[in-house]
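The chains referred to below are lettered A, B, ... by the order of the sequence lines, with proteins before strands, and numbering in each begins at 1.
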There are 2 protein chains.
Amino acid sequence: MLDAMVTRAESAAATRRALLDAAAELLDLGGPEAVTVREVGARAGVTRGAPYRHFADKDSLLTAIAAETWDRIANQVHALRTNPALPTADTLRSALRLLIGVGRDQPHLYQLLFKRPVRAQGLNQVHRQLCGPPADPAAAVHAAERFQDEFLAVVAALAGERNARQYGALLLTSAHGIAGMELSGHLDTDKWHTTPDELVDTLVRMITPAGQPT
Amino acid sequence: MLDAMVTRAESAAATRRALLDAAAELLDLGGPEAVTVREVGARAGVTRGAPYRHFADKDSLLTAIAAETWDRIANQVHALRTNPALPTADTLRSALRLLIGVGRDQPHLYQLLFKRPVRAQGLNQVHRQLCGPPADPAAAVHAAERFQDEFLAVVAALAGERNARQYGALLLTSAHGIAGMELSGHLDTDKWHTTPDELVDTLVRMITPAGQPT
DNA sequence: CACTTCAGATGACACCGTCAACTGTATGCT
DNA sequence: AGCATACAGTTGACGGTGTCATCTGAAGTG
């Protein structure tokens with residue numbers, strides 16, 4: 001039969017991936033409380049100590065998930081932005097709804113994305129050099145910034161370079177607020193007579209220059 | 001000397017208050033991780049089991065803090081709103097900055113305010129009837145709604161009843177997003193060439209009818 | 001006075017993150 | 001080839017945590 005022919009590095013990489021996937025699944029299912037190093041290891045087919053060969057601590061594991069997610073979202077916005085068939089107003093709406101959609105579909109993951117950048121103080125000595133420099137939070141921060149740059153480009157395409165930054169900040173923070181209040185249950189659509197989608201439409205309309213296609 | 005003359009109910013109420021204060025202090029100092037039932041009890045002068053005489057579980061304790069905080073914020077907005085010396089545009093700005101200020105000054109408390117309404121499933125049997133009905137989350141939700149109603153009145157005073165709800169939702173979610181991104185460190189004022197205060201000003205200007213005082 | 005109620009104390013349990021020490025195997029060097 | 005090393009993974013252990021059942025003693029009540 002086909003020999004598996006896995007090198008040790010490949011096996012380790014596979015375990016690391018399995019750990020990340022298991023943690024992400026647990027996060028989706030039961031929130032951060034449900035993500036336990038032991039259970040993550042078990043779902044990845046290893047025992048409780050093994051995850052510490054790949055991540056300095058539990059926080060680094062979660063931060064790695066945040067980094068990957070920011071990277072994915074940034075790529076999605078980039079794909080939207082470089083699709084020439086899409087009008088820019090629609091592109092902007094899609095980008096905003098993309099973020100809000102993560103908040104709706106994966107609320108726990110969304111909250112992880114906007115966690116305070118973690119302190120790098122908790123690294124134990126064994127892995128301080130093993131897992132490289134404490135670039136863990138840096139990776140997440142970098143990926144988040146890449147998303148913001150992509151988003152900024154979307155805004156600039158619609159509202160011009162001059163207004164892009166201030167409008168971008170307004171749109172991004174607003175979208176984040178919409179997502180946050182929706183997932184925390186504080187955005188009662190009956191009380192406010194509006195929906196997240198309507199709010200996004202209003203925002204985009206506010207910053208769209210006159211004469212642009214809607 | 002003056003006899004303390006404390007009835008049992010008074011003593012219990014004092015303990016409850018001490019527990020809430022201790023928990024709030026720990027939350028401010030070290031975030032939710034630092035809020036441990038044991039330490040809360042110790043700071044309130046009781047042992048680890050005592051808090052369970054006043055709160056069904058740790059979550060109920062935190063939810064009670066959220067309820068009290070929402071209540072305080074609602075009162076502050078009410079005071080702003082019913083101050084006749086203040087123009088309505090300033091009132092609105094102050095209300096928005098009030099929320100954002102909590103996020104800046106007490107980030108952990110702020111995040112507690114926007115936590116998903118807790119599940120009432122975890123109540124143990126002893127206190128299920130003891131601590132009354134599981135009205136704990138209901139109190140927090142009610143206080144949060146009172147804040148929203150006060151805020152809605154502020155918006156209505158400036159933008160009129162007709163637009164109040166849609167504008168209110170936009171302003172409230174945006175302010176929440178500004179606070180959230182600022183406290184998570186994702187709002188780089190250098191990158192975006194703007195500040196939370198400027199964003200608030202822009203928002204208020206956007207919904208202010210022409211001819212109103214700024 | 002006896003009796004009840006209940007805030008608080010205490011022992012116990014399961015679970016958690018984390019580390020030190022150990023084991024076995026794949027890798028690299030001679 | 002054979003040997004030494006690196007290192008992914010295991011295991012035992014420790015301190016800490018939320019929570020409960022049980023107990024205790026003092027404040028309230030008839």
Length of the line joining B:Y52:OH and D:dA21:P, which is rounded to integer Å:
13 Å
Determine the contact category for A:T47: base if any of its heavy atoms lies under 4.0 Å from a base atom, sugar-phosphate if only primed atoms, P, OP1 or OP2 are that close, otherwise nothing.
base
Starting at atom CG of A:D59, determine the distance to atom P of C:dT18, rounded to an integer number of angstrom.
8 Å
Please tell me which of the listed nucleotides, D:dG18, C:dT27, C:dT18, lies nearest to the side chain of B:V37?
D:dG18
Grab the CZ-C1' distance between B:R16 and C:dG8 for me, whole Å please.
16 Å
Euclidean distance, A:T69 OG1 relative to A:I73 CD1, rounded to 0.5 Å:
6.5 Å
So does B:T36 get a side-chain nitrogen or oxygen closer than 4.0 Å to the phosphate oxygens (OP1/OP2) of D:dG18?
yes
Integer-rounded Å distance: D:dA6 P and A:R53 CZ
13 Å
Given D:dG9, D:dG18, D:dG28, the nucleotide with the shortest approach to the side chain of A:H54
D:dG9
Using atom CZ of B:R48 as one end and atom C1' of C:dG11 as the other, report the distance to the nearest whole Å.
7 Å
Does A:L61 reach the side chain of A:P51, with side-chain heavy atoms less than 4.5 Å apart?
no
A:A12 near the nucleic acid: base, sugar-phosphate alone, or nothing, with a heavy-atom cut-off under 4.0 Å?
sugar-phosphate
So, is A:T15 near the phosphate of D:dG9, with a side-chain N or O under 4.0 Å from OP1 or OP2?
yes
Separation of atom CD in B:E33 from atom P in D:dG16, rounded to whole Å:
16 Å
Does the side chain of B:I65 come within less than 4.5 Å of B:L20's, by heavy atoms?
yes
With nearest nucleotides of DNA chain C determined for B:V46 and A:K58 from heavy-atom distances, which residue corresponds to the more 5′ nucleotide?
B:V46
Measure CZ/A:F55 against C1'/D:dG9 and give the value in whole Å, please.
15 Å
Touch check for B:V35, heavy atoms < 4.0 angstrom, all strands: base, sugar-phosphate only, or nothing?
sugar-phosphate
Whole angstrom value for the distance that separates P of C:dA7 from CG of B:L19
12 Å
Give a yes or no on whether the backbone of B:H186 and the side-chain of A:Q148 come within a donor-acceptor separation of less than 3.5 Å.
yes
Picking from B:L62, B:D28, B:L29, what satisfies side-chain contact (heavy atoms from CB on, under 4.5 Å) with B:V35?
B:L62
Hey, is the side chain of A:R38 pairing donor to acceptor with the base of C:dG17 inside 3.5 Å?
yes
